[in-house]
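First comes the structure, then the notes that go with it.
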Amino acid sequence: MINNWISRIPQKCWAYTALSIWAALCFMMLHKTSYGIDEGAAQALLLVWSIADNVVSPIVTLGFPDLRAVFLAPAGFLWTGDVLPAKVFTILFMSITVWTLHSWRLQKGEQESALLASGLLMISPLLLVQIDSISVATFLLFSFALGAWSDQIYRDSPKAFGGMYFSQLFLSLVCITLHPIGFAYPLALLWAWYKNPLDKKHQTYIFTGIVASILLALVLTSGWRHIVWLTNPLQSLSGLLLEPVSSNDFGTFHWIAGIGMFVILLLVIWKQAKNLWSDLLGRTLLIGLAIGIFSGDEIFGIVALTTSLYWGLPLLLNKSTGSQGGFWQQRGLILLLTMFLATTCMVSSKLRYQSLHTAELSPRDNLIRSLAEDSGLFAGEETSQNSSARKNIRVASQWPALTMLACRCDALPLPPNAKDSDTLFDMLHGVNYLLFDPRDPLNSSLSHNLSFMDSGKVETIVLQKGGVIVQVKTPLTVTSPPTGKKT
């Protein structure tokens, strides 16, 4: 009777239950504070909050944010000022993304591999970090998967200037504003309609719309300000198995894990190159990898993980299917590999969960917390007046959106390069504090000018691993001596 009752439960209910359990566990692995999120995500949230509350904010000085703000708009309007709902929405979008990826591979006949790949993708330590930071990785994968389905629906029932047509244009616009890897989707779509068009009319519509979306996206992005180019790709690949670390903490085990994942990625591309290129989603991921190798950041690692899982596991399963013997000969290798990957990821997740209880933050976030909480920079005012005191503080920060989000004060970008210290000091008029990383090559001119600035103008009040906080002294008014008296 129990077996009959269980067999009557639809498969979708089991899938919804599994995703709900994963979402609940994922929520337990998130930071519940304003720290740890991505700079672009902070800028998008602050802009949405300013619009929702009709508040004039210096966030507009940072330029137009990426279209991540569109996905975060519901959380921003309903729970203004709270970061946690935005993280919950990110978990929701990741759940939809996994469901969409699984469905896409399922229709290609890869039922078993799609299920295993989806499970391993969700427990990856790097993916949990991306969700916690509200990174573009979740929304980029969501756009890739949704774009593949939109193209298929449009081809099944073509309707010029219909919903599926404009959805592809919008997703192309979104992908490019999120990350340079986002170029992969419009390029893969253009290739598909170049090689396999429905007719000349629809091909012209697609080409015109996609090119217009690309040009508009390039105008909006203004060069992807938050992207660091030529990062070591092995650092992001090692985070697929181990806890992601900075370049200073990149040790031997991370090198081994990174090289191993890179070799696996190359093998999957070599074996599945034809299948990847013939599939719109696979072609998008393949082009994304070619573009992402020049950035080498965590987004590249997530795209590499998705490619390796959804196109690499079928290689092992198809090889095991043709072998003779019992279960261990047919599924022994894939079972051992799955257990190894799952155990490694869960150990990393356990360490992450333990770090949440000790309130460990990255060096960058520790520096921002020192400005907002620990250093007492906003002390000297009564508790009821803290809010107004913070609004009167103006900070020039390397991470202005994060600084504004944490300290609830006005934050601006760092001043441009100045020819000398006097010119720099003139630029700092009205600025109370500077917050930046002096080891960053982009800040070398700022560090040099500050070091040669006259004493009494600036003072370093916090020096940490993540950077420094420099207080800009307010110049004193020099009064002239009374006339008729000797000086």
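- In this structure the side chain of I368 never reaches within 4.5 angstrom of the side chain of C407, judged on heavy atoms.
- Heavy atoms only, all atoms of each residue included: V303 and T307 are closest at O-OG1, 2.9 Å.
- For the residue pair D365/S362, the side-chain donor-acceptor check at 3.5 Å is satisfied.
- F27 carries K32 over the face of its six-membered ring, with the cationic atom under 6.0 Å from the centre and within 45° of the normal.
- Between the side chain of S124 and the main chain of L120, no donor-acceptor pair closer than 3.5 Å is present.
- Remark: Y185 OH to I210 CD1 distance equals 6.5 Å, nearest 0.5 Å.
- Aromatic rings from F93 and F71 are positioned such that their centres are separated by under 6.0 Å.
- Here the side chain of D82 pairs no donor or acceptor atom with the backbone of P85 at under 3.5 angstrom.
- No side-chain donor from either of S213 and S172 sits under 3.5 Å from a side-chain acceptor of the other.
- Without hydrogens or angle criteria, T343 side chain to F340 main chain gives no donor-acceptor distance under 3.5 Å.
- Using a 4.0 Å cut-off between charged nitrogen and carboxylate oxygen, R155 and D151 count as a salt-bridge pair.
- Among all heavy-atom pairs drawn from L241 and S348, the shortest one is O-OG, 2.9 Å.
- For the residue pair S118/Y310, the side-chain donor-acceptor check at 3.5 Å is satisfied.
- Taking a cutoff of 4.0 Å between a charged side-chain nitrogen and a carboxylate oxygen, D66 and R68 qualify as a salt bridge.
- Looking at Q107 and Q152, their side chains do bring a donor and an acceptor atom within 3.5 Å of each other.
- Summarising the geometry, atom OG1 belonging to T100 is positioned 14.5 Å from atom CZ belonging to R105; distances are rounded to the nearest 0.5 Å.
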Side chain to side chain donor-acceptor pair (under 3.5 Å) for D440 and Q398? Distances and angles first, verdict last.
CA-CA 10 Å; D440 192 331; Q398 184 176 349; 2.9 Å; yes

Evaluate the ring pair (Phe, Tyr, Trp, His ring centres under 6.0 Å) criterion for residues Y154 and W193: first the C-alpha distance (whole Å), next the side-chain angles of each, then the deciding distance (0.1 Å), finally the verdict.
CA-CA 12 Å; Y154 181 78; W193 280 90; 5.7 Å; yes

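- K108 forms a cation-pi arrangement with W104, by the criterion of a distance under 6.0 Å to the ring centre and an angle within 45° of the ring axis.
- Under the 3.5 Å distance criterion, the side-chain polar atoms of T90 are matched with a main-chain donor or acceptor of A86.
- A donor-acceptor contact closer than 3.5 angstrom is absent between the side chains of Q235 and N232.
- Using modelled atom types, one side-chain atom of S278 and one backbone atom of N275 make a donor-acceptor pair closer than 3.5 Å.
- For the atom pair OG (S349) and CE (M28), the distance works out to 11.5 Å, reported to the nearest 0.5 Å.
- Results of the side-chain contact (heavy atoms from CB on, under 4.5 Å) test with K87 over I134, L92, I131 single out I134 as the only residue that passes.
- Rounding to the nearest 0.5 Å places OH of Y165 at 6.0 Å from CD1 of I206.
- Counting heavy atoms from C-beta on, the side chains of L30 and I91 come closer than 4.5 Å.
- Panel note: side chain S295, backbone G292; a donor-acceptor pair is recorded below 3.5 Å.
- For W99 and Y16, the distance between ring centers is under 6.0 angstrom.
- One finds the CD1 atom of I176 at 11.0 Å from the CG atom of L171 (value rounded to the nearest 0.5 Å).
- Side chain of D38 to main chain of S133: no donor-acceptor pair is present (N/O by atom type, distance under 3.5 Å, no hydrogens or angles).
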Y194 and F207: CA distance, side-chain angles, deciding distance, side chain to side chain contact (heavy atoms under 4.5 Å, CB included) verdict
CA-CA 9 Å; Y194 172 73; F207 279 5; 3.9 Å; yes

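- No donor-acceptor distance shorter than 3.5 angstrom exists from the side chain of H31 to the backbone of T33, with no hydrogens or angles considered.
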